[in-house]
Amino acid sequence: MALKIWLDGKLVDHADAKVSVFDHGLLYGDGVFEGIRVYGGRVFELEAHLRRLYESAKVIRLEVPMGKNELVAAIKKTVEANGIVDGYIRLLVTRGVGTLGLNPFQCKNSSLIIIADNIQLYPEELYETGMKIISATTVRNHPLAIPPQVKSMNYLNNIIAKIEALDNNVPEAVMYNHEGYVAEATGDNVFIVRDGVIYTPPVEAGALEGITRNLVIRLARKENLEVVEKNLTRCDLYICDEFFLTGTAAEVIGIVEIDGRIIGDGKPGPITKRLRENFFEYAHAGRK
Ligand code: PXG
């Protein structure tokens, strides 16, 4: 069965889901997006994702061409039309069709696209063995550039860092901010554990306020684990006891080596495993 894509108010066949070459999303990366999981037929943390979408749009002065309730209905309709039980939603709002100039206000109507599909995951084995990563030399966007809090369609900063990772035969890279503190990974948030305390960079260090990050912080605190948001250095990453990343695609994944330094005993640590299990239980709770 061909995928049905939500495109500007209706479901169309995959083959007909096309946008104009004059869309400023294509011309300038002018737009915002969300990546959302579907677990057991339920759209995961939808409220939080929508909040971030509308906030990202507000920052770049982009109008989401639908109210929240209408958008929720469109998302659910797209998920159902494609029979997605466990999958992934990519929601985009582009600036829409305009002229070749930068001026976004020449674009009369923003465009809303919803894709519901299966998700490309890291191999299951990587969750058992843990992942090796590197530090990227590419610095995360300055807060006065494209703010890292905005989930914009302009991902070149992260893509260049991702290329550094791939060139080094690892799947992810940690990005540091202009002050040298840890910001986040190219598509995931960073957590470490030292002496039983969990640390993660504050959002103002240049991190996207990850939905998975916030959930994992809540789950950890429910376990009476201490979670501290503070600036982390590259050295902090090298000497921690445990290291993990969180994200919609990765969920919770242990890191066992960075820049040639082995973390802990070279396997995902106990707190990492516990939080991964708690995340799994939370995501699959109430499954039919
Ligand atoms: N930082 C960045 C830069 C991201 O793009 C996260 C952190 C984690 O946020 P969430 O809200 O997902 O916990 C992201 C999210 C993919 C993919 O296909 C990447 C993301 C989301 C979905 C899919 O690589 N990144």
Side-chain angles (χ1 to χ4, degrees), residues 29 31-39 43-56 59 75 84 86-92 113-123 126 131 133 135-136 138-143 145-166 170-177 181-191 200-220 227 229 232 243-253 255 275-276 278-280 282-283:
V32 296
F33 78 101
E34 281 296 320
I36 312 171
R37 279 284 193 114
V38 182
Y39 291 109
V43 183
F44 192 60
E45 300 291 276
L46 183 55
E47 263 305 311
H49 279 287
L50 292 183
R51 181 176 177 190
R52 189 170 67 186
L53 179 81
Y54 283 93
E55 287 177 352
S56 291
V59 174
I75 291 168
I84 302 292
D86 290 292
Y88 178 66
I89 299 162
R90 174 62 58 94
L91 176 56
L92 301 98
I113 299 164
I114 308 169
I115 307 168
D117 201 353
N118 295 311
I119 184 167
Q120 189 72 39
L121 297 171
Y122 288 131
L126 212 50
M131 189 157 88
I133 58 172
S135 292
T138 306
V139 169
R140 188 75 182 100
N141 281 339
H142 192 282
I146 303 170
Q149 275 165 275
V150 171
K151 201 161 167 62
S152 88
M153 280 172 47
N154 203 311
Y155 253 54
L156 268 180
N157 184 228
N158 307 50
I159 289 167
I160 291 170
K162 179 91 172 181
I163 289 171
E164 290 186 55
L166 299 174
V170 293
E172 253 295 8
V174 169
M175 301 184 76
Y176 298 81
N177 65 24
Y181 294 110
V182 176
E184 59 181 344
T186 69
D188 302 289
N189 289 108
V190 168
F191 285 81
T200 193
V203 168
E204 59 267 26
L208 181 75
E209 190 172 350
I211 308 299
T212 322
R213 169 193 188 271
N214 287 353
L215 173 60
V216 165
I217 292 173
R218 291 203 303 276
L219 292 173
V227 184
E229 292 182 58
L232 301 174
F243 190 156
F244 60 91
L245 302 179
T246 66
T248 292
E251 300 177 327
V252 178
I253 189 160
I255 300 303
L275 290 174
R276 175 159 176 76
N278 289 3
F279 178 87
F280 187 90
Y282 180 92

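Positions are given from 1 along the sequence. Each ligand, and each atom within it, is numbered from 1 in the order the structure gives.
Of all atoms in ligand 1, listed by their number and element, those nearer than 4.0 Å to a heavy atom of Arg52 are 9 (O), 11 (O). For ligand 1, the atoms sitting less than 4.0 Å from at least one non-hydrogen atom of Tyr88 are 22 (C), 23 (C), numbered in the order shown with element in parentheses. Proximity to Tyr155 (heavy-atom distance under 4.0 Å) selects the following atoms of ligand 1: 2 (C), 3 (C), 4 (C), 5 (O). Close approach of ligand 1 to Thr248 is summarised as follows: ligand atoms under 4.0 Å from at least one heavy atom of the residue are 10 (P), 11 (O), 12 (O), 13 (O), 21 (C), 22 (C). In the vicinity of Gly210, heavy-atom distances shorter than 4.0 Å reach the ligand 1 atoms 9 (O), 10 (P), 11 (O), 13 (O).
Between Ala173 and Ala136, the shortest heavy-atom distance links the atoms CB-CB, 4.0 Å. Taking each heavy atom of Asn158 and Arg140 in turn, the nearest pair found is OD1-NH1, 3.1 Å. Between Pro201 and Leu232, the closest heavy-atom pair is CD-CD1, 3.9 Å.
Look at Glu251 and Arg276 and you find a salt bridge, because one of the NZ, NE, NH1 or NH2 atoms lies within 4.0 Å of a carboxylate O, short of that distance. A salt bridge links Arg51 to Glu55: one of the charged nitrogens lies within less than 4.0 Å of a carboxylate oxygen. A salt bridge between Arg52 and Glu209 is absent, with no side-chain N of the basic residue lying under 4.0 Å from a carboxylate O of the acidic one.
Of the polar atoms of His49, none of the N or O atoms is found under 3.5 Å from an N or O of ligand 1, judged by distance alone. Between Asn158 and ligand 1, not a single N/O pair is under 3.5 Å apart. Between Arg140 and ligand 1, no pair of N/O atoms sits closer than 3.5 Å. Below 3.5 Å of separation, one finds an N or O of Ile211 facing an N or O of ligand 1. For Gly187, a nitrogen or oxygen atom sits less than 3.5 Å from a nitrogen or oxygen atom of ligand 1, counting backbone and side chain alike.
In this structure, CG on Leu46 lies 5.0 Å from CD1 on Ile75, to the nearest 0.5 angstrom.
Within a 6.0 Å sphere centred on OH of Tyr122, heavy atoms belonging to other residues, nucleotides or ligands number more than 12.
Between Phe244 and Phe279, the distance from one ring center to the other does not fall under 6.0 angstrom.
Residue nearest to atom 13 (O) of ligand 1, selected from Thr212, Ile36, Leu245: Thr212 (by heavy-atom distance).
Lys162 places a side-chain N or O within donor-acceptor distance of the main-chain N or O of Pro171, the cut-off being under 3.5 Å.
Closest to atom 2 (C) of ligand 1 among all protein heavy atoms lies Glu184 OE1, 3.5 Å. Scanning the protein heavy atoms around atom 8 (C) of ligand 1, the nearest turns out to be Asn189 OD1, 3.7 Å. At the shortest separation from atom 16 (C) of ligand 1 among protein heavy atoms lies Ala249 CB, 4.2 Å. Given atom 18 (O) of ligand 1, the protein heavy atom at minimum distance is Arg90 NH2, 4.1 Å. For atom 15 (C) of ligand 1, the nearest non-hydrogen atom of the protein is Lys151 NZ, 3.4 Å.
Remark: atom 24 (O) of ligand 1 lies closer than 4.0 Å to no protein heavy atom.
Residue contacts with ligand 1 include Thr186, since one or more of its heavy atoms lies under 4.0 Å from the ligand.
A side-chain N or O of Tyr282 and one of Glu45 form a donor-acceptor pair less than 3.5 Å apart.
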